[in-house]
Structures are given as C-alpha cells and as structure tokens.
Visitor: 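Encoded as structure tokens, here's the structure I'll be asking about.
Everything numeric in this text was worked out from a predicted model, so none of it was measured. Proteins come first, then strands; the chains are lettered A, B, ... in the order of their sequence lines, and each starts at number 1.
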Protein chains: 2
Amino acid sequence: MPTATSPPQSAIQNHLLAALPEDIFERIAPHLELIPMPLGEVLYESGGQLHHAYFPTTAIVSLHYVMENGASAEIAGVGNDGVVGISLFMGGNTTPSRATVCSSGHAYRLKARLMMEEFNRAGPMMRLMLRYTQALITQMSQTAVCNRHHSMEQQMCRWLLFTLDRSPSHELIMTQELIASMLGVRREGITETAGDLQRAGLISYRRGHITVQDRAGLEARACECYNVVKKEFRRLLREA
Amino acid sequence: MPTATSPPQSAIQNHLLAALPEDIFERIAPHLELIPMPLGEVLYESGGQLHHAYFPTTAIVSLHYVMENGASAEIAGVGNDGVVGISLFMGGNTTPSRATVCSSGHAYRLKARLMMEEFNRAGPMMRLMLRYTQALITQMSQTAVCNRHHSMEQQMCRWLLFTLDRSPSHELIMTQELIASMLGVRREGITETAGDLQRAGLISYRRGHITVQDRAGLEARACECYNVVKKEFRRLLREA
DNA sequence: TCGGGTATGTGCGATATCGCACATACCAGC
DNA sequence: GCTGGTATGTGCGATATCGCACATACCCGA
C-alpha cells in the first residue's frame, strides 16, 4: 500500500491486482498510487503517449473512438475488473482510441516503465495481462456485433448492467446525454427508452441519477451480448 | 520449406512469417504445413479447441460472431498480413467467435503446441504476435464504430478494399450473399449498392465475381475506417 | 427563495434499412 | 443446347432511428 493512512479503497478492489501472486503484488505495491478519477478526465488521447497503466477501483473508464465528424462510440468499458493501457505491453504504445472517465471514482496507477518491466519478466503478470486483453477483445467484438444487430433498448440495458457490475452501488451518477454518447445514439432516444424502462419499473431516475430497481428485468431486456461477455470474463479471469 | 516440390506460395507471402528473424523462422519452418483453404471451411467454432495457428498466404479468413437467432457479423478479417488463432497465446485457448474461410486459397499452419512453445520463449515471435494482436484490436474497434455510424455503401467499399489488399488479383471471387453476411446486412441491400458502384464505374461484376475497376474511387466512397486501420497495421508491423 | 443553466420530455417529418415476395438471368453440367 | 439450381434485380410497406425544434422541469448556488 503506498500510503500509511488507509485509503478509501484497497488495491484488492481491483480484480486484476487481487489476482496477482503475493510476491509480485508486493513488488509493485510500493509504486501503486491511488488517484482520484474525476468525471470526464481524459486518460489518453487518440495516438497520444501513455505514461501510466490505470487499475480502477471505483472509477469506470470508457474506451471510445471519436470520428472525423465528431460522432463517437464506445468500444469497451473498463472498471475494477480491468486495466487501462494495454497498448503499453502489446507493443504499439498508442492506440487510435481515447480513454475517458465516465464514472468518477479512484484508480491505482503504475508508471509505464514499471508496468513494462514487470510484464517483460514474462511471468504471472504477463499471463494475467494477456488473459485480460483476450477478455477485452471479446468485449470489443461483442460491441461490434451488438451495434449491428440489437435495438437501442437492448443495448442500453446491456450498458447499464455492465456499469452496474462495476459500480459500488445501485445508483449510477450519469446523465442521459452521457449514455447516449457512449452508445453513439441520440440523446432523445435514450430519454424515450429510459422512460419506457422507468414505466416498466426496472429503473427510476432523476436529473443525472439512475437507480436500478429490477436487475433481473434489465437482464431480460438486454441482448445476449451481456451474458456472453460476462461469462468470458469469468472464464478467463477466474484464476483469481 | 516443408516440401521439396516448390509450393505455389512461399512462406514469405505471409507478412508475419516474413517479419520473423531468420533464426526463428528457420526453427519453425520445418513445421509449417502449406494447406489449401477451401471457401467456407470452418477453422474454429465458437468455444471450440484450436489445434493450429494459420498464416494465410492467398486465403482470407473472416472472424465473425453468430448470434442466437442466426444473424451474424464479421468482427475482423485476416489475410496474408496476419494469423488466425491469437487465443492460443493470449491464454484463453478459445473465443466466442468463429473463423471461416471467406476467400479460398492457401495458408501455412503450425501446430498449437509449437506455436505456444515459440511464443513462450518471450522473444521476437512473442513481440511480433502481440503487435499483430494490437493491430487486430484496432480493426475490431473500428468495426464496432463503423457498424454504428457508417452507411452500407461506405462499409461495403471499406470491406472491398480490405479484401482487395489481401487478394492476389483485382478480381474477387465472392457472391453478394457472402458480402452481405460478412457485413451483417440484407443481401438485397448489397445488390442495390453493388449496382450503384457498377453504374459509377468503380467495380464490375458477374455472378460470383467482382472486379475492381477504380480503386481510388472506392477509397473516396469508403469511410475513414479503412485508412485508420490500414495506417495502424503499417505503423505496428512495419518492423518487417 | 429565486433564478439560470442544464437535464429531460415531446412532436414530427426525413431517411436508411429491413422483410418479404417474386421476377429475371446466369452458367455449370448433363 | 438445355436446364435446374443459384445468383441477382426490383418493388413496396413496415420499422427504427435520426435531426431538429422547442417545451418543461429540476436543482445548485447566489
């Protein structure tokens, strides 16, 4: 732990850090910095240099692509089940996507050099990061398929469920505008869909807050993508 | 080279094999089998075991996902610039997607065990495979964004260009039905779009054959996704 | 408590794609 | 040269989402 005063999160709250063998965790622990991740912060820009790897505890980060005309779409989300900055060890050092904080919270960060050093030992850290990358690939693939074939309501339910899984509470702090930009759809469409879900008793919301009332109901309205990705994460990372 | 009689392709036709340092290439070369890849062959099924890694020379392989209701969509394509079977070394051994041959030709294949052995040396083969995986991730991400925001015509042009880049000639052997299933759209939509492109003089076609007449014209009608992915492949794999 | 900025609600025509039905045309193989 | 199976062409109503315009309502902070 980097600080003497106990932080509001422990590194164990990030599943990847928790899954590391003790000796490796103790080697990197002194270098883990717990930092606040305010809503909207840009962790890296398309093509930009990465200086740290981020292991979210309570924050949620969105990897998305912004097109020439300004429209954008989320490619994948990263919460306490993952790490931001895989291109550090995959070799390219940058990616054409952007990473921003879409739900504020905290994360542990690790300097790029240290991350790469540990990865290059070609031991458990490397194997864990590669398995996680494989899970992330599944998430991205499923996003592609989902964007092609599933309705806005299905996609919104899927997105809420993923976000819920990575959140400490049942209340999500986010505007409909934010959700729309994540899914790459119109804000008005989200307003309508959210209204439907609220009338059905699945969620309730007020200005910038969404509370999930009926998780099973959301799962029933979500597309298969939610479960495919969730199962694959469990399969690949159950080593923990 | 595995055979004494010179095969129609040389391993050098696969860019990844060509990019390997000589000593490593010579170590695996005796184990590379040149095999024919007939149209429609399934290299692996969702969740199925992988017995080989495939390095296409003239064949093109499509990674796609088939949904519960039977609809499907391509996630990424692999040609002589890549390898099929990254989950072998990423750790999961399987993926929820399917790989099928969408343009017949040949590929070199390498037994899973040998692939993993070489990867686990944590040397140039590992670094090359990881860089390729990073490029593949870009392709998948861009597919997700493209599915969300770009028109069928833009997507068809993008797809034709990628296929052309991986083909030995300007004539592609494929039906409109096939293209439709790759893009996850209706066959009739492809018929209409193909008609437009032919009237514009960009392509010409007949029953199962498409010939590209004006590559620059296709590029002009394709979305930015084509160039983003192409540049990223070049950046990551220019080491060759 | 009161305002102002922002989040949400609603309506409506435009558009792209879908789903289905069926017509036509090609060409491989007899 | 036929012919059957398959690939391609075409039409049309249904649907989902978009793009825009504007109304309303919330809640934060002065």
Visitor: Quick one, which residues of residues 149-161 of chain B touch DNA chain D with a heavy atom under 4.0 Å?
Guide: none

Visitor: Kindly give the heavy-atom pair with the smallest separation between A:Val145 and B:Ile75, and that separation in Å.
Guide: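 That closest heavy-atom pairing would be CG2-CG1, 4.3 Å.
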
Visitor: In terms of heavy-atom contacts, does CD of A:Glu192 have more than 12 from other residues, nucleotides or ligands at under 6.0 Å?
Guide: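 Not more than 12 within 6.0 Å, no.
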
Visitor: Would you say A:Thr193 and A:Glu153 are linked by a side-chain donor-acceptor pair, where the criterion is simply a distance under 3.5 Å?
Guide: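 On atom types as modelled, these side chains do not qualify, holding no pair under 3.5 Å.
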
Visitor: Check whether B:Gln198 reaches the backbone of B:Tyr205 with its side chain - one donor and one acceptor, N or O, closer than 3.5 Å.
Guide: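 Here the side-chain-to-backbone pair exists.
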
Visitor: Would you sort out whether B:Ser169 and B:Ser167 count as a side chain to side chain donor-acceptor pair (under 3.5 Å), showing the intermediate values?
Guide: CA-CA 5 Å; B:Ser169 87; B:Ser167 286; over 6 Å; no

Visitor: How large an angle, rounded to 10°, do the end axes of the helix from C:dT1-D:dA30 to C:dC30-D:dG1 enclose when each is built from five base pairs?
Guide: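 For the helix from C:dT1-D:dA30 to C:dC30-D:dG1, the axes at either end differ by 30°.
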
Visitor: Side-chain donor-acceptor pair under 3.5 Å between A:Asn14 and A:Tyr54, yes or no?
Guide: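 The criterion, which ignores hydrogens and geometry beyond distance, is not satisfied for A:Tyr54 and A:Asn14.
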
Visitor: Judged by atom type as modelled, is there a donor-acceptor pair below 3.5 Å linking the side chain of A:Gln155 to the main-chain atoms of A:Cys146?
Guide: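 Yes: the side chain of A:Gln155 pairs with the backbone of A:Cys146.
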
Visitor: Using heavy atoms and a sub-4.0 Å distance, could you list which residues of residues 63-73 of chain B are near DNA chain C? By number, please.
Guide: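 Contacts with DNA chain C under 4.0 Å: none.
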
Visitor: One thing to verify: whether A:Asp165 and A:Arg215 come together as a salt bridge, which I'm taking to mean a side-chain N less than 4.0 angstrom from a carboxylate O.
Guide: yes

Visitor: Is it the case that B:Thr94 and A:Arg235 place a side-chain donor and acceptor less than 3.5 Å from each other?
Guide: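 Yes, because at least one side-chain N or O of B:Thr94 sits under 3.5 Å from a partner of the opposite role on A:Arg235.
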
Visitor: Return yes if some donor-acceptor pair links the side-chain N/O of A:His149 with the main-chain N/O of B:Ser72 below 3.5 Å, else return no.
Guide: yes

Visitor: Verify the distance criterion only: is there a donor paired with an acceptor across the side chains of A:His64 and A:Thr100 at less than 3.5 Å?
Guide: yes

Visitor: Quick one: pull up CD in A:Gln154 and OH in A:Tyr226 and give me the separation to the nearest 0.5 Å.
Guide: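 Nearest 0.5 Å value for the CD-OH distance: 15.5 Å.
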
Visitor: Among residues 187-200 of chain B, which contact DNA chain C at a heavy-atom distance under 4.0 Å?
Guide: B:Glu188

Visitor: Any side-chain heavy atom of A:Leu136 sitting closer than 4.5 Å to one from A:Ile86?
Guide: yes

Visitor: Please report the interatomic distance CD(A:Glu33) to CG(A:Leu110), rounded to the nearest 0.5 Å.
Guide: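 It comes to 9.0 Å.
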
Visitor: Rounded to the nearest 0.5 Å, how far apart are OG1 of A:Thr211 and CG of A:Asp214?
Guide: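 One finds 13.5 Å between OG1 of A:Thr211 and CG of A:Asp214.
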
Visitor: Please name the pair of heavy atoms, one in A:His52 and one in A:Leu50, separated by the smallest distance, quoted to 0.1 Å.
Guide: O-CD2, 3.3 Å

Visitor: Among residues 168-183 of chain B, which residues get a heavy atom nearer than 4.0 Å to DNA chain C?
Guide: none

Visitor: Using the heavy-atom set of chain A and a strict 4.0 Å cut-off, write down the first and last nucleotide of DNA chain D that makes it in, 5' to 3'.
Guide: D:dT17 to D:dC27

